[in-house]
Protein chains: 2
Amino acid sequence: MKKEETTEHQILDAAKDVFQSKGMDGARMQEIADKAGINKAMLHYYYRSKQLLFEAVFKNAFSLLAPQLNAILNDDSSIEDKIIKFTSDYTSFMMKHPYLPNFIINELNRNEDFILKLKDNTGFPNLEKFKIKVDSEIKEGILKPIDADQLFVNILALNIFPFLGKPLVKALTKKDEKAYKAFVESRKVEVAHFIINAIKTPKG
Amino acid sequence: MKKEETTEHQILDAAKDVFQSKGMDGARMQEIADKAGINKAMLHYYYRSKQLLFEAVFKNAFSLLAPQLNAILNDDSSIEDKIIKFTSDYTSFMMKHPYLPNFIINELNRNEDFILKLKDNTGFPNLEKFKIKVDSEIKEGILKPIDADQLFVNILALNIFPFLGKPLVKALTKKDEKAYKAFVESRKVEVAHFIINAIKTPKG
DNA sequence: AATGAGTTTAACCAAATGGTTGACAAAGCT
DNA sequence: AGCTTTGTCAACCATTTGGTTAAACTCATT
């Protein structure tokens with residue numbers, strides 16, 4: 001039997017659906033069982049409790065996101081190239097996993113201690129290399145002076161917010177689903193230009 | 001008796017606390033009653049159901065946020081001045097209401113229809129005037145070409161995200177509460193510079 | 001065929017939860 | 001003073017919910 005067909009995996013799959021769209025508090029064990037096509041008791045047989053099943057889903061989700069962040073932080077290209085690549089890759093990734101950012105942001109807010117467990121894990125994004133690169137490009141005169149933390153948060157903000165605040169963005173800019181998708185798609189390049197304009201010293 | 005001391009207002013106040021920190025699903029009517037110092041039956045006496053009490057809290061919260069957005073959208077100053085003012089004002093406002101952005105974003109995501117009710121309301125932010133101003137400043141050569149919707153979403157993103165993603169930002173940039181507050185405080189001017197650098201044509 | 005470990009199910013349980021009821025008091029009104 | 005309206009509470013109710021149990025089924029090994 002393939003791994004995707006085992007009961008344990010089917011549960012995790014169904015749990016992902018339900019937890020990510022309804023959150024820990026809104027999710028119901030019965031709904032997860034129904035979606036997985038199995039008896040509710042099986043959830044406890046494999047994952048013991050709602051909390052543990054939730055944590056399995058959460059860690060899984062975060063382990064999907066972390067490499068996206070590490071990609072920009074740990075390669076050796078210029079800051080400009082990092083931004084161009086990240087903005088495009090991250091937006092594509094989010095379009096495939098629309099529930100992910102809200103789910104993670106939300107549950108981290110609901111339980112601040114939760115992030116401590118992740119921090120210890122290897123693979124938790126580290127900004128050191130990025131900071132060094134930013135500072136060196138500033139010294140070289142390629143970039144205008146800017147704090148690397150601020151720049152990183154700006155990059156994240158511009159890329160993540162349109163997904164976090166999708167309903168708000170749609171309502172404010174009066175876009176239907178189709179127009180919203182086109183809007184986000186065009187951000188793949190727009191956002192990179194925007195950031196680079198903001199931080200690059202004029203040539204000459 | 002002052003308005004703030006009426007039972008009805010005490011309920012709304014307590015409900016605000018509980019709903020904004022735990023969300024609709026995580027909130028408990030008993031906890032709201034306890035926090036308001038009254039019997040649980042009173043909640044239903046004044047607001048009929050959990051859903052209606054929640055909606056009262058939500059509308060209240062949104063009516064606090066909307067004027068902040070309208071401020072930038074409807075005054076007559078230059079885009080540069082709008083950005084400087086908004087970035088500073090909005091950050092101050094958010095520091096006073098830290099739960100607000102998450103609460104609103106979250107519950108809008110949980111129930112997309114909900115925003116339709118708000119849209120009809122007078123006072124719902126409208127971008128028309130802002131768009132016209134952006135386009136005219138681009139024609140005048142003050143700003144580089146940029147889609148007004150994109151610019152507006154960028155402004156929102158840079159200002160709201162640090163509050164939405166507070167735990168993530170704290171963890172990634174390795175800041176404690178004090179350093180985080182200083183970080184956000186300095187964004188009052190940093191973000192405005194960042195945006196203006198991105199969109200203004202070089203002088204000369 | 002007998003054994004036994006792993007898997008699955010129906011039925012059940014205690015606690016929590018949103019909501020209701022009926023009694024009663026305080027405040028207005030005639 | 002009587003009568004009505006409004007406000008408040010303790011007790012109660014029906015349902016939902018996460019979790020448990022004990023029996024049954026599967027299937028490889030002996």
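A, B, ... follow the sequence lines: proteins, then strands. Residue 1 opens every chain.
Atom CZ in B/Arg48 sits roughly 13 Å away from atom P in C/dT21 (whole-Å rounding). Atoms CZ (B/Phe54) and P (C/dG18) sit 14 Å apart, rounded to a whole Å. The separation between A/Glu8 atom CD and C/dT7 atom P is 9 Å, rounded to whole Å. Whole-Å rounding puts the B/Gln30 CD to C/dT17 P distance at 9 Å. Per the geometry, NZ belonging to B/Lys50 stands 4 Å off P belonging to C/dG18, to the nearest Å. The interatomic distance linking B/Leu52 (CG) with C/dG19 (P) rounds to 9 Å, in whole Å. Straight-line distance from the CD atom of B/Gln51 to the C1' atom of C/dT17: 16 Å, rounded to whole Å.
Contact footprint of chain B on DNA chain D: nucleotides with an atom under 4.0 Å from a non-hydrogen protein atom, first to last in 5' to 3' order, D/dT6 to D/dA10.
OP1 or OP2 of C/dG18 has at least one side-chain nitrogen or oxygen of B/Arg28 nearer than 4.0 Å.
Under the 4.0 Å criterion applied to side-chain N and carboxylate O atoms, A/Lys200 and A/Glu137 are not assigned as salt-bridge partners. Ion pairing between a basic and an acidic side chain is recognised when a charged N comes within 4.0 Å of a carboxylate O; A/Asp149 and B/Lys174 show no such pairing.
For B/Phe103 and B/Tyr99, the ring centers are positioned 6.0 Å apart or more.
Evaluated for a side chain to side chain donor-acceptor pair (under 3.5 Å) with B/Lys129, the options B/Asp76, B/Asn74, B/Asp75, B/Asn70 yield exactly one hit, B/Asp76.
Counting only residues at least two apart or on different chains, the side chain to side chain donor-acceptor pair (under 3.5 Å) pairs with a member in residues 11-22 of chain A are A/Lys22-A/Glu31.
For the pair B/Arg110 and B/Phe54, the cation sits on the ring face: its NZ or CZ lies under 6.0 Å from the ring centre, inside 45° of the axis.
Here A/Tyr45 lies in heavy-atom contact (under 4.0 Å) with a base. Within 4.0 Å of B/Tyr47, counting heavy atoms only, lies no atom of the nucleic acid at all. Residue-level contact check: B/Ala27 touches the backbone only, with heavy atoms under 4.0 Å from sugar-phosphate atoms and none from bases.
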Distances under 3.5 Å between nitrogen or oxygen atoms of protein and nucleotides 10-12 of chain C:
residue: C/dA10; atom: OP2; partner: A/Asn39; partner atom: ND2; Å: 3.3
residue: C/dA10; atom: N7; partner: A/Asn39; partner atom: ND2; Å: 3.2

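Atom CG of A/Asn109 sits about 4.0 Å away from atom CG of B/Asn102, to the nearest 0.5 Å. Rounding to the nearest 0.5 Å places CE of B/Met94 at 14.0 Å from CZ of B/Arg187.
Residue-to-nucleotide proximity on DNA chain C shows that, of B/Met29 and A/Ile38, the 5′-proximal contact is made by A/Ile38.
The aromatic rings of B/Phe62 and B/Phe58 lie parallel to each other, their planes meeting at an angle below 30°, with 60° marking the opposite boundary.
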